[in-house]
Enquirer: 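Okay, here's the structure, questions in a sec.
Only heavy atoms go into these numbers, but all of them, side chains included; no hydrogens, no water, no symmetry mates.
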Amino acid sequence: MKNRSQFILILSTVIKTPFDLNRIKRTITNFQSVIEWSQDLDDIDKILRIVSHEDISEKLVLNLEKAKVRAIVMQVFEKSIT
């Protein structure tokens, strides 16, 4: 069995309305490599955490900008899955 990787992306977002959260959801669903995601609305940085089969951080930020949601990549972790 070959090793695969998962990427954990941590982004800071600007969410002011439920519409912003809906825009994030619609944007993320366009990425087939996403395994799971969560949003911490209680955190001051409105942290968005995504687990994906590939590093989609740059494309995701660009697509979120197109959806009128500002996001900044804080960290990307790579985890090997055996």
Side-chain angles (χ1 to χ4, degrees):
M1 178 177 248
K2 70 177 188 174
N3 288 348
R4 297 176 310 193
S5 291
Q6 284 184 352
F7 293 85
I8 301 168
L9 292 62
I10 309 296
L11 292 90
S12 171
T13 62
V14 176
I15 296 177
K16 297 179 181 174
T17 69
F19 296 111
D20 293 336
L21 190 55
N22 194 36
R23 289 179 184 134
I24 288 173
K25 181 179 178 180
R26 283 188 307 212
T27 300
I28 290 173
T29 58
N30 288 327
F31 289 91
Q32 294 182 353
S33 63
V34 172
I35 300 165
E36 64 183 16
W37 68 279
S38 62
Q39 180 77 48
D40 184 354
L41 298 177
D42 294 328
D43 186 276
I44 194 166
D45 289 321
K46 309 293 188 219
I47 296 298
L48 176 61
R49 180 185 179 276
I50 298 173
V51 179
S52 179
H53 291 295
E54 59 185 300
D55 181 359
I56 59 167
S57 57
E58 290 181 26
K59 291 179 187 177
L60 179 62
V61 169
L62 290 174
N63 285 2
L64 288 170
E65 285 178 8
K66 290 177 186 176
K68 307 285 191 240
V69 177
R70 205 168 57 162
I72 298 169
V73 177
M74 297 177 73
Q75 190 78 40
V76 176
F77 301 96
E78 184 176 0
K79 179 171 103 173
S80 290
I81 306 296
T82 55

Enquirer: Are any side-chain N or O atoms of Asp20 and backbone N or O atoms of Lys16, one a donor and one an acceptor, separated by less than 3.5 Å?
Expert: yes
Enquirer: Do you reckon Ile15 sits in the same ILVMFWY cluster as Trp37, going by side-chain contacts under 4.5 Å, direct or chained?
Expert: yes
Enquirer: Between NE2 of His53 and CZ of Phe31, what distance do you get to the nearest 0.5 Å?
Expert: 14.5 Å
Enquirer: Show me the donor-acceptor pairs, under 3.5 Å and distance only, between side chains in residues 41-50 and residues at least two apart or in other chains.
Expert:
from: Asp43; atom 1: OD1; to: Asp45; atom 2: N; distance (Å): 2.6
from: Lys46; atom 1: NZ; to: Leu41; atom 2: O; distance (Å): 2.9

Enquirer: In the single-linkage hydrophobic clustering (I, L, V, M, F, W, Y; side-chain heavy atoms under 4.5 Å), do Ile56 and Ile8 co-cluster?
Expert: no
Enquirer: With a 3.5 Å distance limit and no angle check, can you tell me whether Ser52 reaches the backbone of Phe7 through a side-chain donor-acceptor pair?
Expert: no
Enquirer: Please check if Ile28 and Leu21 belong to a single hydrophobic cluster, counting links between Ile, Leu, Val, Met, Phe, Trp and Tyr side chain heavy atoms closer than 4.5 Å.
Expert: yes
Enquirer: Mind checking the CG-OG spacing from Asp55 to Ser33? Nearest 0.5 Å is all I need.
Expert: 9.5 Å
Enquirer: Report all side-chain donor-acceptor pairs from residues 58-75 shorter than 3.5 Å, counting only partners two or more places apart or in another chain.
Expert:
none

Enquirer: So with a 6.0 Å cut-off around CD of Gln32, is the heavy-atom count from everything else above 12?
Expert: no
